[in-house]
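Structure first, commentary second.
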Amino acid sequence: MDIKKLNQIYEGKAKKVYATDSPDYYIVEYKDDATAFNGLKHGTITGKGIINNKMSNLMFQLLAKNGVKTHFVEQINDRETIVKAVKIVPLEIIIRNVAAGSFSKRYGVEEGRELLAPTLEFSLKDDALNDPLINDSHIIALGVATENELEQIRTLAYKVNEVLKNFFAGLGVKLIDFKIEAGRLPNGEIILADEISPDTCRFWDAKTNEKLDKDRFRRDMGGVEEAYQEIFSRINNA
Ligand code: TMP
C-alpha cells in the first residue's frame, strides 16, 4: 500500500502514532520502552517493539479470519504497521480467565485460581486518575460509550477471548487475562485496535505455570526478553 508517513499525532508508553497522507490510515510504531504502575517504573525491553508489532499483526490476522474486525491493514517493517484511523474509546477492556494481578489483590483470591466464567471489566483510560475501574452505567452516564457501543465491545471482547484462548492452548500456553482497546471508525462501527502482545496479556506455560509476559518486568523476575522470544517463537512455529 502506498502510504506516506506524516507528523506524529500521539506518543503512548509503548507506541507512537503518525498521520499519513490518507485520512483513513495511521502508521503505528512500536517502541522498546516499557513502563509499569502507570509509568512509575521505566525500562527498556530490547527487541520488544519488533516482537509486539509482528505478534499483534499475527493475532489481528487470526482474529480477522474468525470474524473479528480489527484496525490492522499492513505491516511496513519490523516496527511499523499501517492501521485504520480510528478514535480510541478511552477504556481498557479486560477479560480474565484465571485470577491474577489486580483482580487477585482486589478480591483476595490466590493467583492461578480458575474462574468459573470469564470476567469482563473496564478501566477508564486516564493516566491522571490512574485508570480507575469503571462500570457500565458510569460509562454511559459519562458519555464514554453508548449502550449500543458497549454491547459491541462486550461481544468483541468475549469473541477475542474464545479465539485467543483456543489458539494459545494449542501452543501449550494458558491465556490468563488480557487488555484490549476498541476504536470507532468514521461510520461509527466499533473495531479492535491497539495491540495484542506480552505487554497486554498474561501468558503462563501450561505445564510449569512459568510466566511468559510483562509480569517478568513488572515484578523484576528477570528473563524478560527471553519470555517475549519464547511466546513469539511458539507462535511462529504453530
Ligand atoms: P491487571 O491484573 O494489572 O489489572 O491487568 C490485567 C491485564 O491487563 C493484564 O493482562 C495486563 C493488562 N494491562 C495492560 O495491558 N495495561 C495496563 O495498564 C494494565 C494495568 C494491565
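The residues of the chain are indexed from 1 along the displayed sequence. Each ligand, and each atom within it, is numbered from 1 in the order the structure gives.
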For [atom], grab the closest protein heavy atom and report residue, atom and distance to one decimal in Å.
atom	answer
atom 4 (O) of ligand 1	S102 OG, 2.6 Å
atom 8 (O) of ligand 1	K179 CB, 3.4 Å
atom 20 (C) of ligand 1	E92 OE1, 4.4 Å
atom 7 (C) of ligand 1	D177 OD1, 3.6 Å

Inset, instruction - Record the part of D199 in heavy-atom contact with ligand 1 below 4.0 Å; permitted values are side chain, backbone, both and neither. - result: backbone

Legend entry - Part of C201 with heavy atoms under 4.0 Å of ligand 1, whether side chain, backbone, both or neither: backbone

Does ligand 1 have an atom that lies less than 4.0 angstrom from a heavy atom of [X]?
X	result
D213	no
K214	no
R218	yes
K105	no

Answer whether the closest heavy-atom distance between the side chains of [X] and [Y] falls below 4.5 Å.
X	Y	answer
I88	H71	no
M1	I76	no
T81	V73	no
I196	C201	yes

Legend entry - Pairing of D136 and R154 as salt bridge, 4.0 angstrom limit: yes

Legend entry - Any donor-acceptor N/O pair, K214 side chain to V224 backbone, under 3.5 Å: no

Inset, instruction - Kindly work out whether a path of hydrophobic side-chain contacts (I/L/V/M/F/W/Y, heavy atoms less than 4.5 Å apart) joins I93 to I176. - result: no

Legend entry - Check: D131 N/O within less than 3.5 Å of ligand 1 N/O: no

Legend entry - Nitrogen or oxygen atoms of R202 and ligand 1 under 3.5 Å apart: yes

Only heavy atoms of [X], strictly under 4.0 Å: list the atoms of ligand 1 that pass.
X	value
G101	2 (O)
T200	10 (O), 12 (C), 15 (O)
F178	10 (O)

Under 3.5 Å, which donor-acceptor pairs link side chains of residues 112-124 to any protein atom two or more places apart or in another chain?
{"unit_1": "E121", "atom_1": "OE1", "unit_2": "R96", "atom_2": "NE", "d": "3.0"}
{"unit_1": "E121", "atom_1": "OE2", "unit_2": "R96", "atom_2": "NE", "d": "3.4"}
{"unit_1": "E121", "atom_1": "OE2", "unit_2": "R96", "atom_2": "NH2", "d": "2.8"}

Inset, instruction - Verify whether one side chain among Y30 and D78 offers a donor that lies under 3.5 Å from an acceptor in the other. - result: no

Inset, instruction - Verify whether one side chain among D131 and N38 offers a donor that lies under 3.5 Å from an acceptor in the other. - result: no

